[in-house]
Amino acid sequence: MANVTLRHVRKAYPNGFEAIKGVDFDVGDGQFCVLVGPSGCGKSTLLRMVAGLETVTGGVIDIGGRIVNQVEPADRDIAMVFQNYALYPHMSVYNNMAYGLRNRGMPKGEIETRVQEAARVLELSAMLDRKPGQLSGGQRQRVAMGRAIVRQPKLFLFDEPLSNLDAKLRIAMRVEIRKLQRRLSTTSIYVTHDQLEAMTLADILVVMNGGQVEQIGNPLDIYQKPATTFVATFIGAPPMNLIPSRDCGLHLEGAAAEAGIVGIRPEDFQIAANGVPAGGIALGLTVETIERVGAETYIYGLRTQPEDQPAVSAKPGELRTGEILVRIPGQSGPAIGDRIRAVAPREKLHAFTTDGRRRIDL
Amino acid sequence: MANVTLRHVRKAYPNGFEAIKGVDFDVGDGQFCVLVGPSGCGKSTLLRMVAGLETVTGGVIDIGGRIVNQVEPADRDIAMVFQNYALYPHMSVYNNMAYGLRNRGMPKGEIETRVQEAARVLELSAMLDRKPGQLSGGQRQRVAMGRAIVRQPKLFLFDEPLSNLDAKLRIAMRVEIRKLQRRLSTTSIYVTHDQLEAMTLADILVVMNGGQVEQIGNPLDIYQKPATTFVATFIGAPPMNLIPSRDCGLHLEGAAAEAGIVGIRPEDFQIAANGVPAGGIALGLTVETIERVGAETYIYGLRTQPEDQPAVSAKPGELRTGEILVRIPGQSGPAIGDRIRAVAPREKLHAFTTDGRRRIDL
Amino acid sequence: MVEHRRFGNLLPHLILLAGVVVVAFPIYLAVIASTHTDSLIANGQMPLYPGTHGLETYWHTIVSGTGRTTRQPVGDMMLASLIMAVGIAAGKIAISIISAYAIVFFSFPFRMTTFWVIFITLMLPVEVRIFPTYKITSDMHLLDSYSGLILPLIASATATLLFRQFFMTVPKELVEASKMDGAGPIRFFFDTLLPLSVTNIAALFVILFIYGWNQYLWPLLITTRDDMQTIVIGIKKIIDVHDALTEWSVAMATAMLAMLPPVAVVVLMQRLFVKGLIETEK
Amino acid sequence: MVEHRRFGNLLPHLILLAGVVVVAFPIYLAVIASTHTDSLIANGQMPLYPGTHGLETYWHTIVSGTGRTTRQPVGDMMLASLIMAVGIAAGKIAISIISAYAIVFFSFPFRMTTFWVIFITLMLPVEVRIFPTYKITSDMHLLDSYSGLILPLIASATATLLFRQFFMTVPKELVEASKMDGAGPIRFFFDTLLPLSVTNIAALFVILFIYGWNQYLWPLLITTRDDMQTIVIGIKKIIDVHDALTEWSVAMATAMLAMLPPVAVVVLMQRLFVKGLIETEK
């Protein structure tokens, strides 16, 4: 068991590209830390630096009170679960788990005990003689977990371990990993690009973007008080609506002058015929598209937008300029072409500086 | 524009494996039909049979009033978007779209007009000279769409066209595909394993399992009245809770004797300190795991389960025996280890025969 | 499980059939010729069906050879060829797998430069660099020895490249998992890389064995002793007698015998070989 | 963008360096030898630095050759070798790409049987089936002609296999998209498969050109005319003169000249070649 501490950790490549631009965070003993961010944000690089698979350009990585910058991966007392599992295809499940222990010269009896115990926990006992090629995706994932567990390391590292599984299995394995980690209470660092996985697994959530940390904290705190517009749109699905606050129909009383962007989560809207909640906002929308998925309904509404007002963003995957997404429970709701009024109370509003880099408390 | 009709369509392989065991359905002119099911259910095979890429063992496929069983793919007046896009890597975007038209001997001017128009609609005009290798995933997807559009076919076929895109882009492209299809009003058949994509895109939803059709209908009708337990768990995420009705604490008055399984969707539960809604049910649960994802909270509760009572299913990815999933809005809710009572009104209950193959109206 | 409709028509079938006939017919002729008497063949009246002298011709060829020209029984020639072919194939595989391992999994200064120097030099097989190679072999007193026969032939750019290609497809994560499991470079090579390469090694062995078996120029220069004469040289000697007295039946029998070991290697290694070749289909 | 730490230490570097020296030193010696006078070399006192007779030796070698042994200028030999090597490489590529296309993309009865028959037969290169092949070539009056030189060598199982492997990696969907686009088998071959194979063809051309360039046994049997004498045969003739009068400088110059075209092909095709080889890294 160990604390993990990163101080001013930097990574630059010989070609000058800076993958990690100074990252600091701490993971307490037995905590589950999730690094989340879009692809290319440096989260995997950072994990690989902790593992010792990438060199550290600057700063200090400390595992259990020992600075490991110059320590070989095998000597860091860690275990890693790879995205593609990286099982040895020619070895049986048993040997896959036992290989690392044998290389460390552990006595045969002890290896047997540890592998059998891990196989029992992971329900792999019946398939110890099989080769990885004969296993399903979920079973391979378990073997990869088993290979990590038998080592009884100070620290588990997970590199998107669920991304090769189908949706249902992913949810089930997510719950299993969390339960297992709670029981072993081994400090863990987990990398994912899936915000849902991040929200449900993390004790500490580290949101990364462009090689930097955007926000660190408890998942729900981050959800409720995103520090930047990046975090606001990345955490929570569908993403938060962001509206330039000088925009039409937005009277945000009492907000600081620097509050250039207002954010409202789709689920915080309500549809009301008239009235504006005190201090809140009301938007007139023309319904463009409706997606009814059963438990809830998504309404894509077009806000009237003055031509000269630039909207916040229209990157692919984000909402189009002037488009607002409203989520309401159930399967009712307006029809395409209807005009609706979406209102949100003041306590559900988020405000950010115009550049989106800082949150402003309302 | 065309109707598509499938009658008793069967597919058997020389090795005796029956991939499609007799499928009937109709797609009306201009409708958007989605085939959905788990991998291996035969949905892709069926689409490839409509495309002419697989032979038909039995039955009749009719496109626009013409039986096409023996017609070559190129002569069926269809266009297909492949899962991996299948763009010609050595041709420019322009040539990728123009190739099929040239092979048909269309005059150069007409080709130019059609490609330019498709490029405009798909916002590809600026990259007509690039090779597919220089495009992002989303752009390649658009080129694949463009190649289908320029042909102006009677029928579009989509084989999981969004499965190679990341989550955000997938949502955006989903909305775009739907808008495009509405505007062109070309009959379409779309294959996916993603129930959310299926729900949001379909005019007609065909749920397949094991080479057979489980249910055909409007997506919301299927969500509200799933015909089998397979459909009940496949459509809607997280899946419906299924409980053997003779099980402890389940008094379902007035239900037919054959109703062996009761289903309740996670979002239809409410947490109440006491009382049972008239005709509804109440379950006492011990909270095992809680996942707070911001907009809603998932509570995994363990129901007391007599040892001799077999539960419905515990396949990987489904809930464990005796486990019940409750979904409540917001971020509050109980803590792990709490005992809660989850209640659901009678109109939210679903009932199925013991084998799960038939729905019983309550 | 999935059957894919391919293009299907008669033309390619016929072309391939024609190809089979063109390629296989000479060999059929050789088999037939080896079973008739020399006088019959020399008369140009050879029938297209097998004759009756097959067994005695082959026996004669193997144990006493074509006395007039090569002074060696073909059995001895085959042994010499076998030693050379196995030596070359095994040596080439050992050298090239180690080189490929160094190039793919190690990073050191001028890695690519080294690679290209070796590569361009080795792309020039022994025939082209035969002169300097001969001089050095002779200076090292390796003439008339199996070492001199085998060593200059075992450096192989093509095999190195093939192994490099295969190693490139080994997931990086496997190397990293190995490191995590405390396996150093030597352990990784023997515990993981070598077992994974078995089918590739088998496929290469087949190809290289046949390459070695067919060597002509180098053995011709290096060996003068009769008992190191390879079968390919033997065939050449028989064919070079341009007169009516050519022992056609013995010559054809020798040709058939020369084909046997390559065919045997292909057939024996077939399962591993095919596995090695179709691996990408997985 | 991502740099991966590989195993890194001195040992493999040294091994490779040793390899470079072992492989490159003979060639260096040959270059040096070709620039000194014969008497100096014959005395065994050849220095390790270049001499001054380089240009005249090369000029003499190219235009008039080693008069005493081969009766042919080396320039003519190189031309003959070039025609043969290009013919073999081009022919092999054409035949094998078409065979591979038939095998991978068409389904017809006994497809795999046909494949194996061709394969096993072709795995036996011309050296082994040289006897029947010689007989047929001679019966067709192709002796002393470039057709006779090239045709029997162009069937290639290895090249067919390599193309088959590459075609296996072409996504099925590309064939299907082609069908949807109304392209038949011929169109698909020329419009899609051939452009996609360019780098593979280039890589194979390099290997096959060198294979053709190095042919010895077959040209020796088939050609008797001096003006069709290939350079490899020429080298052999020079080396066979076992007396003190060997024109060492001319011999070494011939060796160097024999290496030039293969090196030139490797260097010229390098970009395409490397692209073809490292495709899996994408």
Side-chain angles (χ1 to χ4, degrees), chain A residues 38-39 123 136-139 165-175 178-179 182 193-201 219-220 222-224 233-239 265-268 288-298 300 315-320 323 327 329-331 336, chain B residues 38-39 136-139 165-175 178-179 182 193-201 219-220 222-224 233-239 265-268 288-298 300 315-320 323 325 327 329-331 336:
Chain A
S39 52
E123 296 168 26
S136 71
Q139 288 166 340
L165 302 178
D166 69 32
K168 281 197 173 180
L169 202 48
R170 199 149 59 216
I171 295 173
M173 286 304 294
R174 185 174 86 197
V175 175
R178 192 63 178 108
K179 279 186 192 160
R182 282 237 170 76
H193 64 272
D194 178 343
Q195 62 91 23
L196 194 63
E197 226 169 274
M199 289 287 290
T200 54
L201 283 172
L220 277 187
I222 291 179
Y223 182 84
Q224 286 160 348
T233 51
F234 193 82
I235 299 293
R265 295 207 176 267
E267 64 267 25
D268 291 336
E288 268 213 318
T289 307
I290 293 184
E291 294 188 335
R292 292 176 216 274
V293 304
E296 62 255 349
T297 299
Y298 299 105
Y300 294 80
K315 277 188 280 177
E318 297 185 6
L319 289 175
R320 286 186 11 229
E323 204 171 54
R327 168 178 153 164
Q331 297 136 32
I336 291 177
Chain B
S39 54
S136 71
Q139 288 165 339
L165 301 178
D166 69 33
K168 281 198 174 180
L169 202 48
R170 201 149 59 215
I171 295 172
M173 285 303 295
R174 186 173 85 197
V175 175
R178 192 63 178 110
K179 281 186 192 160
R182 281 237 171 77
H193 64 271
D194 179 342
Q195 62 92 23
L196 194 63
E197 227 169 274
M199 289 287 290
T200 54
L201 283 171
L220 277 187
I222 290 179
Y223 182 85
Q224 287 161 347
T233 50
F234 193 82
I235 299 293
R265 295 205 178 270
E267 64 267 26
D268 290 337
E288 268 214 318
T289 308
I290 294 183
E291 293 188 335
R292 292 176 217 272
V293 304
E296 63 255 348
T297 299
Y298 299 105
Y300 294 80
K315 276 188 279 179
E318 297 183 5
L319 289 174
R320 284 185 14 226
E323 202 169 56
L325 176 55
R327 168 178 153 164
Q331 297 137 31
I336 290 178

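Below, read A as the first sequence line, B as the second, and so on, with proteins coming before strands; counting in each chain starts at 1.
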Inset, instruction - Check whether any side-chain heavy atom of A:K179 lies under 4.5 Å from a side-chain heavy atom of B:T289, and answer yes or no. - result: yes
Legend entry - Interatomic distance, B:L220 atom CG to A:T297 atom OG1 [nearest 0.5 angstrom]: 7.0 Å
Inset, instruction - Can you tell which part of B:R178 gets under 4.5 Å to a heavy atom of chain A, answering side chain, backbone, both or neither? - result: neither
Legend entry - Short side-chain to backbone donor-acceptor contact, A:Y298 and B:T200, under 3.5 Å: no
Inset, instruction - Let me know if A:E267 has heavy atoms under 4.5 Å from chain B in its side chain, its backbone, both or neither. - result: side chain
Inset, instruction - Look up atom CZ in A:R292 and atom CE in B:M199, then write down how far apart they are to the nearest 0.5 Å. - result: 10.5 Å
Legend entry - Atom group of A:R327 that falls short of 4.5 Å from chain B, counting heavy atoms: side chain
Inset, instruction - Show your working on salt bridge (Lys or Arg N to Asp or Glu O under 4.0 Å) between A:E291 and B:R174 and close with a plain yes or no. - result: CA-CA 10 Å; A:E291 294 188 335; B:R174 186 173 85 197; 2.6 Å; yes
Legend entry - Portion of A:R265 that has a non-hydrogen atom of chain B nearer than 4.5 angstrom: neither
Legend entry - Contact origin within A:Q195 toward chain B - heavy atom pairs under 4.5 Å: neither
Legend entry - Residue pair B:I336 / A:R182, side-chain heavy-atom distance below 4.5 Å: yes
Inset, instruction - State whether the side chain of A:Y223 and the backbone N or O of B:A295 hold a donor-acceptor pair below 3.5 Å, judged by distance alone. - result: yes
Inset, instruction - Report the distance from atom CD1 of A:I171 to atom CG of B:L325, rounding to the nearest 0.5 Å. - result: 9.0 Å
